[in-house]
Amino acid sequence: MIYLDNAATTKPCAECVKAVNAAMESAFGNASSLHGLGTSSIQIIARARKTLLAAVTGTKKPFDGEVLFTSGATESNNTALLNVLHKAHPNGGKIISTAIEHPSVAKTLTRLEEHGFDVVRLSPKNYGDFVEALVNEVDENTVMISAMAVNNETGFAIDVPRLYKEVKRKNPRTLVHIDGVQGFLKVPLDGDLISVSGHKIHSTKGIGALFVKKGVKIEPLLSGGGQQNGLRSGTEPVELIAGFEAAVNAYGGNKEHFAALKSRLLERLAEMEDIGINSTEECVPNIVNFSVRGVRSEIMLHSLEEDGIYVSSGSACSKGKKSEVLPAFGVTDADADCAVRVSFCAKNSAEDVDKLCDKIAKTIERIRR
Ligand code: PMP
């Protein structure tokens, strides 16, 4: 099997599997229990918190704030965004975002519009400097800005620390939320609220986190037993948290390796006719989106699968539906119909890329003939 769909999800690493198993065997206590088993769980969770706070910034300085464990980034994004409903905003207020967000942000923003918020969504295709464009929109009435660090379909990345700094300079009261799912451990992150997900970095599904900057007060999404300082009720899944920490510690992806794979892929694609590249230089090297004109995405996907090669058409979440995000990058409808997304992990090799390209070339020959 050649798995090239790591932006959809990743295989849990051996370290994660081992940590989950170990916690299930010996640290299954409820972190709220007063006995020793509860204490072991508390210790595992505390250590994981420290690891995540150190890892999220992508710099030597740990994140200055706290981290809540959630069921995944969908919950983290909903918690971050719906939180503004509870703040006193007499006129609704303005929220700035982008036209390339994941549905867990995009659809939550639509809900906020229904509650009277004025949501502005910018498309990268219209701006040379996207961060500058987002900052330019910030005014006195802007309650929140929500932007993804790295887009899941093309890999388009923004300079998140710059965005955070410049928004705060313009309006310190504007809350900055970053969907950091595809950027976590790959690019530097900063913000008042940052969402990440375990299953994109070789941990299990069902675990994610929301980072909350020191001094930022949020309202919980869930009511219940008051775990995690009352901010995220529900018994902490200590096994998944242990696995999440282990996956963060074991993460082996590096930019140079991904860049070498990307450049091999682009070289090979350049030898074929009528290919459109949808991932620009502003994109992270582990995600490459391209259109094989004349071959619809699902035909290509199934053809590749015959040889055990797994890629994606746009995002896994869109389940074969036409991408709503690619047009915001200026990709034509015809090219969006033929889009293929390849996303690498540390274990992928140049040989994987070659096998992928050999099969793409064969598929083109068969279909375009
Ligand atoms: N945001 C982005 C950018 C994503 O790629 C995903 C997963 N496809 C999510 C949010 C949702 O994450 P989860 O699967 O953990 O709910």
Side-chain angles (χ1 to χ4, degrees), residues 3-12 16 52 56 67-82 97-111 121 124 130 145-158 160 163 176-187 189 191 193-211 221-222 232 234 237 240-241 243-244 247-248 253 279 282-284 286-289 310-321 323-326 328-329 339 341-345:
Y3 186 74
L4 296 166
D5 200 11
N6 292 282
T9 197
T10 54
K11 183 179 177 188
C16 168
L52 262 84
V56 71
V67 54
L68 306 176
F69 289 105
T70 63
S71 61
T74 295
E75 183 190 327
S76 303
N77 284 338
N78 273 265
T79 306
L81 295 176
L82 293 177
S97 190
T98 79
I100 58 169
E101 296 300 314
H102 184 266
S104 56
V105 167
K107 292 190 177 168
T108 310
L109 289 174
T110 305
R111 282 175 69 186
R121 296 173 180 84
F130 198 48
I145 180 159
S146 178
M148 66 193 343
V150 172
N151 178 260
N152 48 310
E153 294 196 38
T154 63
F156 175 78
I158 59 168
V160 174
L163 177 75
V176 179
H177 169 245
I178 300 297
D179 177 344
V181 169
Q182 302 287 350
F184 184 44
L185 306 184
K186 298 184 179 80
V187 298
L189 297 178
L193 299 163
I194 305 172
S195 306
V196 303
S197 178
H199 72 98
K200 310 285 184 176
I201 59 122
H202 305 280
S203 178
T204 60
K205 292 162 193 69
I207 187 75
L210 179 65
F211 293 85
L221 186 69
L222 306 175
R232 202 285 184 176
L240 303 184
I241 292 171
F244 196 5
V248 169
S279 295
E282 289 159 298
C283 296
V284 289
N286 56 298
I287 300 179
V288 186
N289 192 307
Y310 296 88
V311 298
S312 176
S313 63
S315 80
C317 315
S318 58
K319 264 204 164 167
K321 272 192 287 172
S323 166
E324 288 173 20
V325 162
L326 289 178
F329 287 109
R341 178 187 70 181
V342 168
S343 47
F344 302 119
C345 75

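Order of listing sets the numbers, starting from 1, for every ligand and every atom in it. Just so you know, residue 1 is the first one in the sequence shown, and it goes up from there.
Contacts between Asp179 and ligand 1 below 4.0 angstrom, taking non-hydrogen atoms only, involve the side chain exclusively. The proximity of Ala73 to ligand 1, defined as any non-hydrogen pair under 4.0 Å, involves the side chain as well as the backbone. With a heavy-atom cut-off of 4.0 Å, Lys205 does not touch ligand 1 at all.
Within the 4.0 Å heavy-atom shell around ligand 1 one does not find Gly208. Heavy atoms of Glu75 stay at 4.0 angstrom or farther from ligand 1. At least one heavy atom of Lys200 sits closer than 4.0 Å to an atom of ligand 1.
Taking every non-hydrogen atom of His199 and a distance limit under 4.0 Å, the qualifying atoms of ligand 1 come out as 13 (P), 14 (O), 15 (O). Of all the atoms in ligand 1, the ones that sit under 4.0 Å from a non-hydrogen atom of Ser104 are 10 (C). Near Ser197, with a cut-off below 4.0 Å to any heavy atom, the atoms of ligand 1 are 13 (P), 15 (O). Within ligand 1, counting atoms from 1 as listed, the ones closer than 4.0 Å to a heavy atom of Gly72 are 15 (O). Heavy-atom proximity to Met148, at under 4.0 Å, picks out these atoms of ligand 1: 3 (C).
With a 6.0 Å radius and a threshold of 12 heavy atoms from other residues, nucleotides or ligands, Lys205 has its NZ atom above the threshold.
In this structure, the separation between NZ on Lys200 and CG on Asn6 is 10.0 Å, given to the nearest 0.5 Å.
Side chains of Ser323 and Glu153: a donor on one and an acceptor on the other come within 3.5 Å. Between the side chains of His177 and Asn77, at least one donor N or O lies within less than 3.5 Å of an accepting N or O.
No side-chain donor-acceptor contact under 3.5 Å links Ser195 to the backbone of Asp179. Thr9 places a side-chain N or O within donor-acceptor distance of the main-chain N or O of His199, the cut-off being under 3.5 Å. A donor-acceptor pair under 3.5 Å is absent between the side-chain atoms of Asn152 and the main chain of His102, judged by distance alone.
The only member of Leu189, Val56, Leu68 that meets side-chain contact (heavy atoms from CB on, under 4.5 Å) when paired with Phe211 is Val56.
Heavy-atom proximity to atom 16 (O) of ligand 1, evaluated over Asn77, Val196, Thr74, Thr9, is greatest for Thr74.
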